[in-house]
2 protein chains.
Amino acid sequence: MSSSVINPESLAQKLADSGLRNTPQREVVYSALLTKRDHPTADEVYARVRSDISSISLATVYNCLEALVQCHLVRAVNFERGPTRYCPNLAPHAHFHDEATGATFDIDLPSEILSKVTSILPPGYDAEAVDIIFRGKTTGTR
Amino acid sequence: MSSSVINPESLAQKLADSGLRNTPQREVVYSALLTKRDHPTADEVYARVRSDISSISLATVYNCLEALVQCHLVRAVNFERGPTRYCPNLAPHAHFHDEATGATFDIDLPSEILSKVTSILPPGYDAEAVDIIFRGKTTGTR
DNA sequence: CTTGCGATTTAGAACCATTACAACTTGATT
DNA sequence: AATCAAGTTGTAATGGTTCTAAATCGCAAG
Ligand SMILES: [Mn+2]
Ligand SMILES: [Mn+2]
Ligand SMILES: [Zn+2]
Ligand SMILES: [Zn+2]
């Protein structure tokens, strides 16, 4: 489970599409994001990948995450002051941030809702992306 | 226009409701937010209020902004890594961030749209707040 | 193969927004 | 006037991120 990328070829391909090389570091960083669908910080990713490549540096983790964001395999998420979080879920989705636990959940975002949201924009506003963030508590069964 | 609070009494009242005192510093900080409806950072607020109270410190600006957030007169907004921005618009609204200029605009958010958005939450997710952030470019007439 | 060379990695310094701290001030209450 | 808590101030500390310069890597030309 730990050091295998789900789909190494598509990673290399996506990187190449953005003029970037594939490297072992980029593979393990991407893998660390895929194997656990939380929204880890750079530090948390660093902690995970050290078991794969013990010599990897935090600077490299930042570099790799930036590379993955640049080739659109990963989204950087900022919903509060504090470390940036990284999300490998490419499907359109909103985020739910549990204030009590700090956990972040992906919430499926139907395209019909997305287009309703975008429709509130007056002419002259050309949106390339929409972020929707819920804050609250999660309760009971989920 | 610069050093007059729109409604000093309601400010004092809201502060009192949260067990906080009114002070000249809190008045000018709040005023600085109201007189220009952009979404300034603490540093930008600091620059503005120095002409009202030249001895005010940056720490106090942070303290005042926190007090205003705490009594719900101001919202702290974070949509990217970088300094927190402050918004005195209490009406439900989304934000549009112009990536080219860095400017942030308030977008009116009809309650009907807001409830549609909230409806995507599965049971067990109890949202207290929703943030909607558009990113893109503003063009032509607006 | 070797060598050349740009891309990548690395450790550590620098940076910057924010928070913590301790001394000082203010102003309401006795 | 003396007291006391809340607020302000300058400055130090913190923490996440970016910068820098020196190694290292890996493809490509010779
Ligand atoms: Mn949180
Ligand atoms: Mn921006
Ligand atoms: Zn996500
Ligand atoms: Zn706003």
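Small disclaimer: the values here were computed from a predicted structure and weren't measured. Letters A, B, ... are given to chains in the order of the sequence lines, protein chains preceding strands, and every chain is numbered from 1.
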Let me know, please, whether B/Arg21 or B/Gly82 comes out on the 5' side of the other along DNA chain C by nearest nucleotide.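 Result: B/Gly82.
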
Using the closest heavy atom to pick a nucleotide of DNA chain C for each, name whichever of B/Pro83 or B/Ala59 lands nearer the 5' end.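 Its nucleotide being nearer the 5' end, the pick is B/Pro83.
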
B/Val77 side chain reached by B/Tyr86 side chain, heavy atoms, under 4.5 Å: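 Sidechains of B/Val77 and B/Tyr86: no contact.
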
What integer distance in Å separates [X]:[atom1] from [N]:[atom2]?
X	N	atom1	atom2	value
B/Asp43	C/dC16	CG	P	11 Å
B/Ile56	C/dC24	CD1	P	21 Å
A/Glu44	D/dG16	CD	P	10 Å
A/Leu65	C/dT9	CG	C1'	14 Å
B/Leu58	C/dC16	CG	C1'	11 Å
B/Gln70	C/dT19	CD	P	12 Å
A/Asn22	D/dC25	CG	P	16 Å
B/Glu66	C/dA17	CD	P	18 Å

Taking only side-chain nitrogens and oxygens of [X], does any of them come within less than 4.0 Å of OP1 or OP2 of [N]?
X	N	answer
B/Ser57	D/dT8	no
A/Ser55	C/dT10	yes
B/Arg26	D/dG7	yes
A/Gln25	D/dC25	no
B/Thr23	D/dA6	no

Would A/Lys137 and A/Asp98 pass as an ion pair if we require N to O under 4.0 Å?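 A/Asp98 and A/Lys137: not salt-bridged.
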
Want to settle it: does B/Leu20 or B/Tyr46 sit nearer the 5' end of DNA chain D, counting the closest nucleotide to each?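 Here B/Leu20 is the residue nearer the 5' end.
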
Restricting to pairs with a member in residues 69-78 of chain A, which pass side-chain hydrogen bond (donor to acceptor under 3.5 Å, both in side chains), not counting sequence neighbours?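 Of all non-adjacent pairs touching residues 69-78 of chain A, those that pass side-chain hydrogen bond (donor to acceptor under 3.5 Å, both in side chains) are A/Arg75-A/His93, A/Asn78-A/Thr84.
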
Does B/Thr60 reach a base, just sugar-phosphate, or nothing at all? Heavy atoms under 4.0 Å.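 Answer is base: heavy atoms of B/Thr60 come under 4.0 Å of a base.
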
For a quick check of understanding: with a heavy-atom distance under 4.0 Å over all strands, which category does B/Thr84 fall into, base, sugar-phosphate or nothing?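 Touches sugar-phosphate only.
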
is_close_aromatic(A/Tyr125, B/Phe134), centroid dist under 6.0 Å: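 Not close enough - the centres of the two rings lie 6.0 Å or further apart.
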
To the side chain of A/Cys64, which of C/dT9, C/dA17, D/dG16 is closest?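 The listed nucleotide nearest to A/Cys64's side chain is C/dT9.
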
Can you see which heavy atom on B/Val117 is nearest to which on A/Ile132, and at what distance?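 That would be CG1-CG2, 4.0 Å.
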
